Amino acid sequence: MHAFLVTLLVIVCIGIIAVVLLQSGRSAGLSGAITGGAEQLFGKQKARGIDAVLHRLTVVLAVLFFVLTVAVTYFKL
């Protein structure tokens with residue numbers, strides 16, 4: 001049981017890393033630093049398309065990560 005949970009935890013960790021790296025950045029590099037907070041003030045729109053899917057997938061994988069971490073610790077004892 002412990003080995004199965006650890007294997008599943010490693011797969012979830014790799015999934016979180018991949019999903020976070022696939023997401024687009026919040027600022028557009030140097031232009032985001034120059035504009036400051038104006039872009040955040042006027043650019044607050046809901047994510048659509050692939051950005052929304054990646055955001056939801058990140059949340060699901062993060063919750064699964066925490067649950068699996070607690071389960072691995074519990075079953076190790």
Side-chain angles (χ1 to χ4, degrees):
M1 184 69 171
H2 182 353
F4 173 73
L5 289 175
V6 169
T7 305
L8 196 59
L9 184 64
V10 169
I11 292 170
V12 169
C13 289
I14 293 170
I16 287 175
I17 292 169
V19 169
V20 167
L21 288 176
L22 285 174
Q23 291 180 4
S24 61
R26 294 288 179 206
S27 64
L30 187 58
S31 66
I34 294 172
T35 59
E39 185 177 331
Q40 290 179 346
L41 181 63
F42 297 114
K44 286 194 175 187
Q45 295 178 353
K46 283 192 166 185
R48 295 194 175 145
I50 193 71
D51 287 333
V53 171
L54 289 174
H55 177 72
R56 287 187 194 115
L57 190 58
T58 303
V59 171
V60 169
L61 287 174
V63 169
L64 191 58
F65 171 77
F66 285 113
V67 169
L68 283 173
T69 304
V70 171
V72 165
T73 305
Y74 178 74
F75 285 113
K76 185 176 182 182
L77 301 175

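A quick note: this is a predicted structure, and the numbers were derived from the prediction, not measured.
- Here I11 contributes atom CD1 and L61 contributes atom CG; the two are 11.5 Å apart, rounded to the nearest 0.5 Å.
- Atom NE2 of H2 and atom CZ of F75 lie 10.5 Å apart (nearest 0.5 Å).
- Applying the side-chain hydrogen bond (donor to acceptor under 3.5 Å, both in side chains) rule to pairs touching residues 56-66 yields Q23-T58, sequence neighbours excluded.
- Connectivity analysis of hydrophobic side chains (ILVMFWY, heavy atoms under 4.5 Å, direct or indirect) links I17 to L21.
- For T69, the side-chain hydrogen bond (donor to acceptor under 3.5 Å, both in side chains) test picks out no residue, with sequence neighbours left out.
- With hydrophobic clusters built from ILVMFWY side chains whose heavy atoms lie under 4.5 angstrom apart, V60 does not share a cluster with V19.
- Minimum interatomic distance between D51 and S24 (heavy atoms only, all atoms of both residues): OD1-OG, 3.7 Å.
- At a threshold of 4.5 Å between side-chain heavy atoms, the hydrophobic network of Ile, Leu, Val, Met, Phe, Trp and Tyr places L8 and F65 in one connected group.
- Residues L22 and V53 do not share a hydrophobic cluster, defined by chaining ILVMFWY side chains whose heavy atoms lie under 4.5 Å apart.
- For L64, the side-chain contact (heavy atoms from CB on, under 4.5 Å) partners two or more places apart in sequence, or in a different chain, are V12, L68.
- Here V59 sits alone; no ILVMFWY side chain lies under 4.5 Å from its own, so it joins no hydrophobic cluster.
- With hydrophobic clusters built from ILVMFWY side chains whose heavy atoms lie under 4.5 angstrom apart, Y74 shares a cluster with F66.
- By the criterion of side-chain heavy atoms lying less than 4.5 angstrom apart, applied directly or through intervening Ile, Leu, Val, Met, Phe, Trp or Tyr residues, L9 is grouped together with F4 in one hydrophobic cluster.
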